[in-house]
Amino acid sequence: MTSIDLNCDLGESFGNFHIGNDEEVLGLVTSANIATGFHAGDPLVMLTTVRRAKENSVRIGAHVGYRDLPGFGRRFIDYDLDQLTAEVLYQIGALQAACRATGTEVEYVKPHGALYNRIARDAKQAQAVIAGMKLADPQLALMGLAGSPVLGWAEEAGLPTISETFADRAYEKDGSLVPRSQPGAIHDSDEKATEQALNFALDKPITAVDGSDVQVVADSICVHGDNPHALHLVRAIRDTLSHNGIAVSS
C-alpha cells in the first residue's frame, strides 16, 4: 500500500487568542509542526500540544519563524544572519525542553510563513537556519518546499530533508506557491484541495494556477491549522486517501 505523511501547523494559540482545532486535528495527522513562540504559540500552549501529540503518536517538528507575533510571521524581515541562527536555535531549544519533559523528541524543523518562503531560495538566510538546526541537533530533518533549492543546501550540510507540499495552496507552473497576496492563493474548495492531495500522494501532476500541469514530488502533505476548515479538510483528505488505498503515516 502506498503511504504519505500528513502534517499540520499546530500550537498557534497564545494567551487569550485561540487558533485552530488542535486536539481534534492531532487525532488525524501524522506530523505536527508546533509553533515555538515567535510567530505564534506560548509556553503553555507548546507544552500542551506536545503532550497531545505524544498521546496520539504524532511526530513532532519545530515550527520556527521570524520574531513577528503581530504579523503572524508572514512579513519578510532582513535579519542579521548570526541573529537568525541564534533565534532558530532558541526556538528549537524551547520545543526540545517541552519534549524532554514529556518523554518525546523533536524530529524535524519546518520554518513558518515568510521565513519558509524566504529560505526556499535565499541561500544566506537558508544557511543561517541550517546552522541553527545543526547547533540544536545535527540529526534534525528540514521540512521544506518540494523542489526548492533549500532542500539541496540542507542535504549538502548533512541534514536529512522532507519534501513538503500543500493541499490547500495554489501552485505556479514552476512548482512554487502562489503568494498569499494574490487572488486564488488558497483553495476555498475542500474538493479541490482533496483532489490535489490525492494527486500528490499518487505522484500525479497537479493543476497550476495558469491551468498547466506541474509535477511536484511529496514526502509530506500540509494542511494549515489556521484554516477555519482545517478539521473538515483533514478528515476529507484522510477519507479520500484511504478510499484510494493510500495509508497515512510518517
Side-chain angles (χ1 to χ4, degrees), residues 4-65 69-74 91 94-95 98-99 102 104 106-113 116 143 164-170 177 180 185-198 200-201 218 220-243 246-250:
I4 192 75
D5 179 52
L6 191 59
N7 79 77
C8 192
D9 304 339
L10 300 168
E12 293 182 320
S13 299
F14 56 95
N16 292 326
F17 296 92
H18 180 78
I19 299 174
N21 298 283
D22 290 9
E23 190 166 358
E24 295 88 347
V25 170
L26 278 167
L28 299 169
V29 297
T30 44
S31 293
N33 320 313
I34 299 178
T36 49
F38 273 30
H39 78 277
D42 63 31
L44 178 58
V45 170
M46 185 189 302
L47 182 58
T48 300
T49 308
V50 166
R51 287 171 173 163
R52 290 173 176 166
K54 184 186 178 185
E55 290 169 359
N56 287 278
S57 300
V58 172
R59 178 172 63 168
I60 293 172
H63 202 30
V64 303
L69 197 61
F72 199 64
R74 287 182 174 153
Q91 292 177 79
L95 189 61
C99 286
T102 311
T104 186
V106 179
E107 297 188 37
Y108 66 95
V109 172
K110 175 188 169 180
H112 165 80
Y116 181 97
M143 181 179 284
E164 181 186 36
T165 56
F166 295 84
D168 51 3
R169 290 293 303 275
L177 297 175
R180 284 178 174 268
I186 300 173
H187 293 320
D188 54 10
S189 163
D190 286 353
E191 183 178 355
K192 182 181 294 185
T194 300
E195 179 184 1
Q196 184 161 287
L198 179 60
F200 286 141
S220 184
I221 301 171
C222 176
V223 175
H224 287 95
D226 62 312
N227 182 331
H229 304 294
L231 180 57
H232 181 269
L233 180 55
V234 172
R235 285 175 175 155
I237 289 173
R238 283 202 66 132
D239 288 346
T240 297
L241 294 178
S242 177
H243 181 73
I246 301 166
V248 175
S249 64
S250 60

State, to 0.1 Å, how close Ser13 and Val45 come at their nearest heavy-atom pair, and which atoms those are.
O-CG2, 3.4 Å

Student check: side-chain heavy atoms of Asp239 and Thr194 closer than 4.5 Å:
no

Show the numbers, then the answer: is there a side chain to side chain donor-acceptor pair (under 3.5 Å) between His112 and Asp9?
CA-CA 9 Å; His112 165 80; Asp9 304 339; 4.9 Å; no

Rounding to 0.5 Å, atoms CG (Leu6) and CG (Leu241) come to a distance of 7.0 Å

Which atom names give the shortest non-hydrogen contact between Ala98 and Thr102, and what distance separates them?
O-OG1, 2.7 Å

Might you point out which heavy atoms bring Cys222 and Asp168 nearest each other, and give the distance in Å?
O-OD1, 4.0 Å

Distance, nearest 0.5 Å, that separates OG1 of Thr104 from CD1 of Ile60:
4.0 Å

Is it the case that the side chain of Lys110 and the backbone of Gly61 share a donor-acceptor pair, with hydrogens and angles ignored and the cut-off at 3.5 Å?
no

Where the side chain of Gln91 meets the backbone of Gly65, is there a donor-acceptor pair that is under 3.5 Å apart?
yes

Gln196 side-chain N/O to Arg169 backbone N/O, donor-acceptor pair under 3.5 Å
yes

Partner set under side chain to side chain contact (heavy atoms under 4.5 Å, CB included) for Asn56, not counting sequence neighbours
Leu26, Val58

Contacts of Tyr116 meeting ring pair (Phe, Tyr, Trp, His ring centres under 6.0 Å) (sequence neighbours excluded), chain-then-number -> Phe166

Roughly how far apart are Ile221 CD1 and Ile4 CD1, rounded to 0.5 Å?
4.5 Å

Sorted by chain and number, sequence neighbours left out, side chain to side chain contact (heavy atoms under 4.5 Å, CB included) with Val106 holds for Ala62, Leu95, Gln96, Cys99, Leu140

I'd like to know if the side chain of His232 and the backbone of Val234 have a donor-acceptor N/O pair within less than 3.5 Å.
no

Parallel, tilted or perpendicular, as decided by the 30° and 60° cut-offs, for the rings of His39 and Phe72
perpendicular

Locate the shortest heavy-atom distance separating Thr49 from Gly11; write the atom from each residue and the value.
OG1-CA, 3.5 Å

Rounded distance (nearest 0.5 Å) linking atom CD1 of Ile34 with atom SG of Cys8
11.0 Å

Would you say Leu231 and Leu28 make side-chain contact, with heavy atoms under 4.5 Å?
yes

Euclidean distance, His243 NE2 relative to Leu198 CG, rounded to 0.5 Å:
9.5 Å

Correct closest heavy-atom pair for Val223 and Ala167 would be CG2-CB, 4.3 Å

By side chain to side chain contact (heavy atoms under 4.5 Å, CB included) - contacts of Ala170 (at least two apart)
Val178, His187

Would you check if the side chain of Asp42 reaches a backbone N or O of Gly15 as a donor-acceptor pair within less than 3.5 Å?
yes

Between Ile19 and Glu12 the two heavy atoms that sit nearest each other are CD1-O, 3.3 Å

Taking salt bridge (Lys or Arg N to Asp or Glu O under 4.0 Å) as the test, write out the residues that go with Arg52, two or more places apart.
Glu23

Report the residues that fulfil side chain to side chain contact (heavy atoms under 4.5 Å, CB included) with Asp5, sequence neighbours left out, ordered by chain and then residue number.
Asn7, Thr30, Ser31, Arg59, Met143, Ser220, Ser250

Interatomic spacing from OH in Tyr108 to NE2 in His63 - rounded to 0.5 Å
9.0 Å

